[in-house]
Protein chains: 2
Amino acid sequence: MEQLDKIDTKILRILQKDAKKTTKEIATMLNLTISPVYERIRRLESMGFIKQYVAILDKKLINRQVTTICQVSMRYHNEAFIEKFEQEIQNLDEVQECYHMAGQVDFLLKINVASLDEYHDFVKYKLSKIDNIGVLNSTFVLKEIKHTSEFYI
Amino acid sequence: MEQLDKIDTKILRILQKDAKKTTKEIATMLNLTISPVYERIRRLESMGFIKQYVAILDKKLINRQVTTICQVSMRYHNEAFIEKFEQEIQNLDEVQECYHMAGQVDFLLKINVASLDEYHDFVKYKLSKIDNIGVLNSTFVLKEIKHTSEFYI
DNA sequence: CATTACGCAGTAAATATTCCTGCACAATCC
DNA sequence: GGATTGTGCAGGAATATTTACTGCGTAATG
């Protein structure tokens, strides 16, 4: 697993914060030339350490300012129902994250919508249409304290 | 707010999925030349619709495969304590997301660590060191069903 | 009908990416 | 110890992309 040396780690830290940094800029930061930095980035990509490069949008500006956490439990816990649920969730664009959890509830979902009205419609017409949902408990985000895509490495 | 037309929206959708797409590629997809696409992207950046470009890493490969959801409630709900908590959280690198919630618990945190051992240390030596924490309830992610940085637009 | 404004096409210069060659150093094997 | 192999880095050339600028056409405005 530890196929990453200090230079690789530094490159990953930089690209997690700003994927638009040029090879030259990174090379300067690390006191290297373009060649090794370029080769290392290609290697980190092909080995899968870097999964993708994405643009992060401002959710207020694009009108997705309401974030909710929704905890869901199944009525019956058999494989078919769970698989069905997991598949249906993939198609719900409002759901940004969904985790199968240990403990009291089965699933935890993070959902972004434009308004409470829209959330109402989402629950009524989309989420609760999925079969076999037992408990469904929504809580609302008052304020986003921290939100990053970075991992600490 | 609706300063975004259909072309802008399409550009944002593309860049949310792949920020490495060249202006030329996007222009081809939208049946335009490079110029308007280039200008629109710069505009979307300067107006703040695009906040940043980041590399998304594979958390298993970089050894951050354990994700936990931690729900925290304050003992006393005064402004000073809450502000202190919010500040301290910023410095905890393991915390990827933190929300101030409506409802039963005050805060919901998403935390990534290498192992249960490391999570134990995180709670014991970092999180619980923050003053005025009342309830602290951790649940573990068994499986990530869905996780994207995309917003539905 | 004239004028302004806006978005797009096209182009040229600057910059970045990509690929290749060769060198230096470390590890490995006689 | 010396020769050999391999790995990572420097440097440079070719290609691609970004960036900035000019001009045109159409829609909006007076």
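Here is how names work: the chains are called A, B, and so on, in the same order as the sequence lines, proteins then strands, and each is numbered from 1.
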inquiry  = Is there a side chain to side chain contact (heavy atoms under 4.5 Å, CB included) between B:C70 and B:L136? Walk through the geometry before answering.
reply    = CA-CA 7 Å; B:C70 181; B:L136 198 158; 3.6 Å; yes
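- Phosphate contact (OP1/OP2 of C:dC8, side-chain N/O of B:S35, threshold under 4.0 Å): absent.
- Between C:dT18 and A:R42, a contact under 4.0 Å exists linking OP1 or OP2 to a side-chain N or O.
- If you measure from atom NZ of B:K6 to atom P of C:dG7, you get 18 Å, rounded to the nearest angstrom.
- Taking side-chain N and O atoms only, A:R43 has no distance below 4.0 Å to OP1 or OP2 of D:dG8.
- If you check C:dG10, D:dA10, C:dC19 against the side chain of A:Y38, the one that comes closest is C:dC19.
- Atom pair A:I26:CD1 and C:dT18:P shows a separation of 12 Å (rounding to whole Å applied).
- Residues A:K20 and A:R40 each lie close to DNA chain D; by heavy-atom proximity, the contact nearer the 5' end of the strand is made by A:R40.
- In this structure, CG of A:L30 is placed 10 Å from P of D:dC9, rounded to the nearest angstrom.
- A cation-pi arrangement is present between A:K20 and B:Y53, with the terminal nitrogen or guanidinium carbon under 6.0 Å from the aromatic centre and inside a 45° cone about the axis.
- Using a 4.0 Å heavy-atom distance criterion, B:T23 is classed as a sugar-phosphate-only contact.
- Taking 4.5 Å as the limit, every side-chain heavy atom of B:D131 sits out of range of all side-chain heavy atoms of B:K84.
- Inter-residue side-chain proximity for A:V141 and B:L108 is flagged as unmet; no heavy-atom pair is nearer than 4.5 Å.
- Here the side chain of A:L32 is nearest to one of D:dT18, C:dC8, D:dA10, namely D:dA10.
- In this structure, the nucleotide among C:dC8, C:dA9, C:dT18 sitting nearest to the side chain of B:I7 is C:dC8.
- The side chain of A:T22 approaches C:dA16 more closely than any other nucleotide in the set C:dT18, C:dA9, C:dA16.
- Rounded to an integer number of Å, the gap from CG of B:N31 to C1' of C:dG7 is 16 Å.
- Rounded to whole angstrom, the span from the CD1 atom of B:I34 across to the P atom of D:dC21 amounts to 17 Å.
- Classified by interplanar angle (parallel below 30°, tilted 30° to 60°, perpendicular above 60°), the ring pair A:F107/A:F85 is tilted.
- Between A:E39 and A:K24, the one whose closest nucleotide on DNA chain C sits nearer the 5' end is A:K24.
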